[in-house]
Amino acid sequence: MIKVYNFARGARGLRVMWQCEEMGLPYQVEMVSFPPSEAYRALNPLGNVPFLEDEGGVAIHESVAMMLYVAQKYGPTPLLPGKDDPALARVLQMAVFGEATLGAAVNALLTAHFGAPEADKRNWSVRAQEASVEKALRFAADMLGDRPFLAGEGLTLADISVSTAVGIYRGALGKTLPDELVAYQDRLAARPEYQRARSRCRGEDGSPHP
């Protein structure tokens with residue numbers, strides 16, 4: 001069975017749990033202490049989360065890699081279009097964009113907001129990262145357009161990835177989103193699959209699902 005290691009409320013681990021809920025896959029959640037224990041570091045020397053274990057000795061980090069692994073191992077699934085579907089390119093692009101472009105810049109802002117000395121919280125690099133995030137958010141809003149989801153009429157890995165980064169920006173940093181993304185976030189957050197995953201992520205329900 002899939003096992004997801006995560007900090008309580010860790011948003012990137014929630015990505016994988018949400019995907020499992022959407023695909024109807026059983027999974028276990030293992031909460032990781034902070035700072036991580038030596039036992040956890042023996043599993044994942046980086047000491048970060050999320051971390052995924054699965055049958056056959058699978059042990060990987062990087063949440064987008066986990067999402068792609070789960071979709072390909074346990075699919076087919078509408079979350080990842082087939083190789084002959086033109087939507088595949090957009091789904092892959094936006095799934096990676098959600099972490100490599102948007103999530104990475106948000107990480108830098110989180111570090112500055114919660115860890116930098118007061119004099120450095122608004123320095124030039126922070127302002128540059130804010131501009132980068134705002135540009136990326138505008139790009140995502142334009143990609144969404146008037147569609148319900150980023151790659152068409154159905155939820156995909158693109159939405160799970162991008163909405164996670166957008167949610168961190170909005171929630172942890174208290175930032176304002178373009179109107180299109182506010183409605184988009186609220187729509188995704190109302191999904192029962194997301195709500196179940198969020199409950200698991202918060203440690204409110206430790207049983208395997210479904």
Side-chain angles (χ1 to χ4, degrees), residues 2 4-23 25 27 29 31-32 48-52 60-71 77-80 90-111 113-114 129-130 132-141 143-144 147-151 154-178 180-204:
I2 294 168
V4 181
Y5 294 81
N6 199 39
F7 295 140
R9 300 176 183 265
R12 287 173 171 87
L14 174 56
R15 274 180 174 151
V16 185
M17 299 174 206
W18 180 9
Q19 178 182 354
C20 288
E21 293 286 352
E22 294 283 351
M23 293 179 66
L25 299 175
Y27 64 101
V29 178
M31 292 300 176
V32 177
N48 60 0
V49 295
F51 184 70
L52 180 147
I60 57 176
H61 59 86
E62 299 297 342
S63 60
V64 174
M66 295 177 201
M67 291 164 61
L68 293 170
Y69 164 78
V70 170
T77 170
L79 296 176
L80 183 65
R90 179 179 288 220
V91 171
L92 292 175
Q93 171 187 279
M94 296 306 291
V96 174
F97 167 87
E99 189 59 26
T101 298
L102 190 52
V106 169
N107 275 356
L109 294 182
L110 288 170
T111 299
H113 182 78
F114 293 107
Q129 289 292 347
E130 286 178 339
S132 177
V133 171
E134 289 169 5
K135 181 178 179 180
L137 290 172
R138 186 66 261 164
F139 175 80
M143 289 287 283
L144 183 66
R147 292 183 297 272
F149 302 102
L150 284 167
L155 183 83
T156 68
L157 297 185
D159 302 292
I160 294 175
S161 176
V162 169
S163 66
T164 297
V166 172
I168 296 170
Y169 182 74
R170 183 188 191 186
L173 293 172
K175 298 290 189 177
T176 300
L177 301 175
E180 305 96 314
L181 293 183
V182 172
Y184 171 71
Q185 287 291 103
D186 291 346
R187 187 165 61 249
L188 295 185
R191 294 177 70 89
E193 297 85 358
Y194 173 84
Q195 291 294 329
R196 290 196 298 268
R198 191 173 80 159
S199 176
R200 303 287 309 279
C201 188
R202 291 180 171 185
E204 296 167 1

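FYI, side chains are in, hydrogens and waters are out, and symmetry mates aren't considered; it's all heavy atoms of this structure.
Heavy atoms only, all atoms of each residue included: Ser63 and Val16 are closest at O-CG2, 4.2 Å. Scanning all heavy atoms of the two residues, the minimum distance from Tyr27 to Ala197 falls at OH-CA, 4.0 Å. Nearest heavy-atom pair across Arg138 and Pro178 is NH1-CB, 3.8 Å. Scanning both residues, Val4 and Gly13, for their nearest heavy atoms gives CG1-O, 4.2 Å. Scanning all heavy atoms of the two residues, the minimum distance from Ala165 to Val106 falls at O-CG2, 4.3 Å. When all heavy atoms of Ala151 and Val91 are compared, the closest pair comes out as CB-CG2, 3.6 Å.
Here Lys175 does not pair with Glu134 in a salt bridge; the nearest charged N to carboxylate O distance is not below 4.0 Å. With respect to the salt-bridge test (charged N to carboxylate O, under 4.0 angstrom), the residues Asp186 and Arg170 qualify.
Atom CD1 of Ile168 sits about 11.5 Å away from atom CG of Leu109, to the nearest 0.5 Å. Note that OG1 of Thr77 is 9.0 Å distant from CG of Leu155, once rounded to the nearest 0.5 Å. The line from NZ of Lys135 to CG of Leu102 is 13.5 Å long, rounded to the nearest 0.5 Å. Atom CD of Gln195 and atom CH2 of Trp18 lie 10.0 Å apart (nearest 0.5 Å). The line from CG of Leu14 to CZ of Arg9 is 11.5 Å long, rounded to the nearest 0.5 Å. Note that CD of Glu22 is 4.0 Å distant from CD of Glu193, once rounded to the nearest 0.5 Å.
Asn6 is listed as a side-chain neighbour of Met17, based on a closest heavy-atom distance under 4.5 Å. Side-chain contact between Leu92 and Leu80 is present, with at least one heavy-atom pair separated by less than 4.5 Å. At a threshold of 4.5 Å between non-hydrogen side-chain atoms, the residues Leu150 and Thr156 do not count as touching. At a threshold of 4.5 Å between non-hydrogen side-chain atoms, the residues Leu137 and Tyr169 count as touching. At least one side-chain heavy atom of Leu68 sits less than 4.5 Å from a side-chain heavy atom of Leu157. The closest side-chain heavy-atom distance from Leu79 to Val70 is not below 4.5 Å.
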message: Before you tell me yes or no, could you show the steps for Tyr194 and Ile160 under side chain to side chain contact (heavy atoms under 4.5 Å, CB included), namely the whole-Å CA-CA distance, both residues' side-chain angles and the distance that decides it to 0.1 Å?
response: CA-CA 9 Å; Tyr194 173 84; Ile160 294 175; over 6 Å; no

- request: Verify side chain to side chain contact (heavy atoms under 4.5 Å, CB included) between Arg12 and Glu99, making sure each step is shown before the conclusion.
  value: CA-CA 9 Å; Arg12 287 173 171 87; Glu99 189 59 26; 2.9 Å; yes

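Between Phe139 and Phe97, the ring planes are tilted. Angles from 30° to 60° get that label.
Looking at Glu180, its side chain never comes within 3.5 Å of a backbone N or O of Ala141 through a donor-acceptor pair. Between the side chain of Gln185 and the backbone N or O of Ser163 there is at least one donor-acceptor pair closer than 3.5 Å. The backbone N or O of Asn107 sits less than 3.5 Å from a side-chain atom of Thr111, completing a donor-acceptor pair.
Of the listed residues (Arg15, Arg196, Arg191), just one forms a salt bridge (Lys or Arg N to Asp or Glu O under 4.0 Å) with Glu21, and that residue is Arg196.
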